[in-house]
K.L.:
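What follows is a single structure, and I will ask about it in a moment.
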Amino acid sequence: MANTILVGAQWGDEGKGKIIDVLTEQADVVVRTQGGNNAGHTVHIKGRKYVLHLVPSGILRSKKICVIGNGVVVDPVSLVEEIEGLRKLGVRFHRNLFLSETAHLVLPYHRELDEQREILKGKHKIGTTKRGIGPAYGDKAARTGLRVSEVVEPKRFQKHLQFKIRENNEILKAFGAKPLSFKQVHRAYRAAGDYLKEFVANTVILLHEAVRRGDDILFEGAQGTFLDIDHGTYPFVTSSNTTAGGACTGSGIPPHRMDRVVGVMKAYTTRVGEGPLPTENAEVADMLHAMGREFGATTGRPRRCGWFDAVATGHACMVNGIDELAVTNIDGLDSVETIKVCIAYRDGAKRYDYVPNDTETLSRCRPIYAEFPGWRTPTHNVRAWKVLPPKTRSYLKALAELTGAKLSIASVGPGREQTICL
Ligand code: GDP
Ligand code: IMO
Ligand code: MG
């Protein structure tokens, strides 16, 4: 399979977890390289549903090595809960999960600050997952963060945490929020540190050994292109590089070792949280929500929905260098009579064939649509490209053409088997 970076080509929740699970069959190693437990990756196997937050989705295939890379921000207490939850579902951990020593920690004051900042912003809030992701990456950039290597090292952790709690309690007090108890945080995090010790490793060395062995590595992107801290709809973004470059910095594997980039996208568009979504459409949202679809895997919030935006996905192909497309949730459009696809934006008299950088400009943009006839046939039982209704094939071919990449996977249901590889 070669070394593959998999990214979300829209606003997150594109179905990355499902596609990772499919591609893991041919991989040896699966690595998360950015984000934290703001991610929620859903995988359905034989009727059982798994939602992964920090643990790479590759863990569901027991012979694969999974790595939480240096670029991830890790809440150790949540990670322990996730591992325990997966164990209860029968997932085995047997020297197949490794956690980078240099990944930064998410602490309770990050979560508190995330919440307080959102409250202060009021109607201008980002709509974060409240998992403390922004403040944790903030500490990393300010060079005041704690890393995994410290939580497994009692003396250093105690000293550093004492200082950080004192500092952050002053900030929390200024917000009018309750200060944290050092004792409580210390106890919970040290217990998590002890639990996680066996997973902690120098993952840069481990991954380079895998490269030398000729292993195939799959880089599991979290979030999506338009949530990227640089390339997304700032400030309505997450705090990491969700685009392909993040896979290199977040793992220590250099760009010339990467062989291909797969972009995952839905056959329509969703977004959870605030910020511009040019193709947002109430009818599409009502239709999908009525089918019980498009509720957040991490927070349960209903996702905003709209038509496929080829301007946005074209941009995603450009900044990620996407070679291949995996289009998911095709079955979500099975009952639609006329399907719309955004091919350009209009802001007053100005037409845009690209995504404008200024978020306020993008908020004003209205979509210019092309229309496609719907296939109005259930597709969830289809397993081969040729068996897909001709109108579905035409629609997918158009998406690939408009986006500028090759279609390689078409997904017609959440299950592993509901996948058509081209
Ligand atoms: P991720 O964050 O990109 O991994 O995506 P999420 O798991 O948050 O959300 C994608 C949702 O779509 C999940 O509920 C998946 O089970 C579901 N899903 C993925 N592909 C398909 C598909 O082709 N059809 C249907 N019906 N559901 C899908
Ligand atoms: P996966 O990996 C969808 C969104 C939040 C909010 C913004 C910032 O499952 O695709 P944060 O908590 O990161 O500071 O929130 O980013 N967001 C996601 N949206 N899928 C995700 O992950 C997301 N992770 C963060 O809703 O708008
Ligand atoms: Mg998700």
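Atoms within each ligand, like the ligands themselves, are counted from 1 in listed order. Values below: every heavy atom of this structure, side chains too, minus hydrogens, waters and symmetry copies. Position 1 is the first residue of the sequence, and the numbers go up from there.
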K.L.:
Among all the protein's non-hydrogen atoms, which is closest to atom 4 (O) of ligand 1, and how far away is it?
P.N.:
Gly17 N, 2.8 Å
K.L.:
Give me the one residue out of Tyr268, Trp307, Tyr395 that meets ring-ring contact (aromatic ring centres under 6.0 Å, His included) with Phe372.
P.N.:
Tyr395
K.L.:
Please check whether Ile330 reaches ligand 1 - meaning an N/O of the residue sits under 3.5 Å from an N/O of the ligand, judged on distance alone.
P.N.:
no
K.L.:
Looking only at protein heavy atoms, which one is nearest to atom 25 (C) of ligand 1, and what is the separation?
P.N.:
Asn329 OD1, 3.3 Å
K.L.:
Can you report which non-hydrogen protein atom sits closest to atom 11 (C) of ligand 1, along with the distance?
P.N.:
Arg303 NH1, 4.1 Å
K.L.:
Heavy-atom contacts under 4.0 Å between Asp114 and ligand 2: side chain, backbone, both, or neither?
P.N.:
neither
K.L.:
Sorted by chain and residue number, which protein N/O/S atoms are under 2.8 Å from the Mg ion (ligand 3)?
P.N.:
Asp13 OD1, Gly40 O
K.L.:
At a 4.0 Å threshold, what atoms of ligand 1 neighbour a non-hydrogen atom of His41?
P.N.:
1 (P), 2 (O), 4 (O), 7 (O)
K.L.:
Please classify the Arg293 to ligand 1 contact at 4.0 Å (heavy-atom distances, strictly less than): side chain, backbone, both or neither.
P.N.:
side chain
K.L.:
Starting from atom 7 (O) of ligand 1, which protein heavy atom do you reach first, and at what distance in Å?
P.N.:
Thr42 OG1, 2.6 Å
K.L.:
Please say whether Thr238 places an N or O atom under 3.5 Å from an N or O atom belonging to ligand 2.
P.N.:
yes
K.L.:
Between the main-chain N or O of Pro276 and the side-chain N or O of Arg271, is there a donor-acceptor pair closer than 3.5 Å?
P.N.:
yes
K.L.:
Provide the number and element of each atom of ligand 1 under 4.0 Å from a heavy atom of Thr328.
P.N.:
20 (N), 23 (O)
K.L.:
Only pairs at least two apart or in different chains count here, so list each ring-ring contact (aromatic ring centres under 6.0 Å, His included) that has a residue in residues 233-255.
P.N.:
none
